[in-house]
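Let me begin by presenting the structure, written as structure tokens, before commenting on it.
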Protein chains: 2
Amino acid sequence: MSWEERLNQAGWRVTMPRRVVLRVLQQARRPLSPQEIHARGRRIHRSLGLVSVYRALEVLEQAGLVRRVHREARCDGYILASPGHHHVLICRRCGRAVEFPGAEDLSGLIAQVERRTGFRVEDHLLQLIGLCAPCQGSGPA
Amino acid sequence: MSWEERLNQAGWRVTMPRRVVLRVLQQARRPLSPQEIHARGRRIHRSLGLVSVYRALEVLEQAGLVRRVHREARCDGYILASPGHHHVLICRRCGRAVEFPGAEDLSGLIAQVERRTGFRVEDHLLQLIGLCAPCQGSGPA
DNA sequence: CTCTAACTGAAAAAATTTTTCAGTAAAATC
DNA sequence: GATTTTACTGAAAAATTTTTTCAGTTAGAG
Ligand SMILES: [Zn+2]
Ligand SMILES: [Zn+2]
Ligand SMILES: [Zn+2]
Ligand SMILES: [Zn+2]
């Protein structure tokens, strides 16, 4: 099933901005911000508006056609840090955040990825999202 | 070693904004945005400026006293998505992003975390950061 | 203390994101 | 293919977030 069909099946239309955003991302070699996508998109279709890029990304992400990447810069949300390397567990309902230690858990996975991709992995970001114990009891909010 | 000493050793001063930001985060039950930290911080010290919150977070994060959390909302950077669950590998030098599949790699880890914390883990975010093969060759940029 | 450079808050500027709205066009129906 | 419906569009305005600038303050070394 083509992505056009996937969009239609999910009740969305196939429009110029969505087509252009996808095409820009297909040609990109790294994650792009909405602004960057807009700039490149205008080279494909002059009249593309920035607002439509935002809206297209929203839809395409929901449709699973586009993936949001979290990068170092410009991402708010802070918790207190315990010393050393930790991962974070966040409750999607109440927002509670818990740290848990452990870096070796991933060494097998990382070794495998390094072998397959030629990358040298230096760091990682692991966050688990779920429901904390109290929130499992209460009904959906 | 206290956090004040840690700051000093790293060449930073212990100042009111840094103290207040830390205290706000100590009392918080979930990740807070700079704005939220500022609002709560003013209840501790009326004259606290928003700019200083931004600056304090920067320093405290570098000092390992505070951890930045990536949340769903408001985080730019997009790549094209392959269908299904993937993790992302990003080169810190050239920005190149590569997806790799696999969700079962973490199942042992997740089971362990669920047992220890009482959370029910529903989703996760795993990103590896490193150097791609070409960038390993070139000197530091 | 005194001194000095690392800091501070406020204001202004810049950048990003969301809202609003009158018009456009995708795709279902005829 | 024309008609109709309404999801969608771009531009402008508004709101929000982040960065820069700057004159003054203060932590902490000496
Ligand atoms: Zn993020
Ligand atoms: Zn919860
Ligand atoms: Zn880790
Ligand atoms: Zn690279």
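Below, read A as the first sequence line, B as the second, and so on, with proteins coming before strands; counting in each chain starts at 1. All of these numbers come straight from a predicted model, not from anything done at the bench.
- No side-chain heavy atom of Leu126(A) sits less than 4.5 Å from a side-chain heavy atom of Val88(A).
- Phosphate proximity of dT9(D) to Thr15(A): present, with a side-chain N or O under 4.0 Å from OP1 or OP2.
- dC8(D) atom C1' lies 19 Å from atom OH of Tyr54(A), rounded to whole Å.
- Backbone-only contact: Leu48(A) has heavy atoms under 4.0 Å from sugar-phosphate atoms and none from a base.
- For the pair Gly49(B) and Met16(A), nearest-nucleotide mapping onto DNA chain C gives the more 5' position to Gly49(B).
- Between Arg42(A) and Pro34(B), the one whose closest nucleotide on DNA chain D sits nearer the 5' end is Arg42(A).
- Remark: Ser33(B) is not in phosphate contact with dT17(D), judged by side-chain N or O atoms under 4.0 Å from OP1 or OP2.
- Nearest-nucleotide mapping onto DNA chain D: of Val14(B) and Arg55(B), the residue sitting toward the 5' end is Arg55(B).
- Residue Arg18(B) is classed as a sugar-phosphate contact, given heavy-atom separations below 4.0 Å to backbone atoms only.
- At a threshold of 4.0 Å, the pair Glu122(A)-Arg93(B) does not count as salt-bridged, since none of the basic side-chain nitrogens sits closer than that to a carboxylate oxygen.
- The salt bridge (charged side-chain N to carboxylate O under 4.0 Å, His left out) test with Glu36(A) singles out one residue from Arg30(A), Arg42(A), Arg43(A), and that residue is Arg30(A).
- Each of Gln127(B), Glu99(B), His124(B) was checked for a side-chain hydrogen bond (donor to acceptor under 3.5 Å, both in side chains) with His87(B), and the lone residue meeting it is His124(B).
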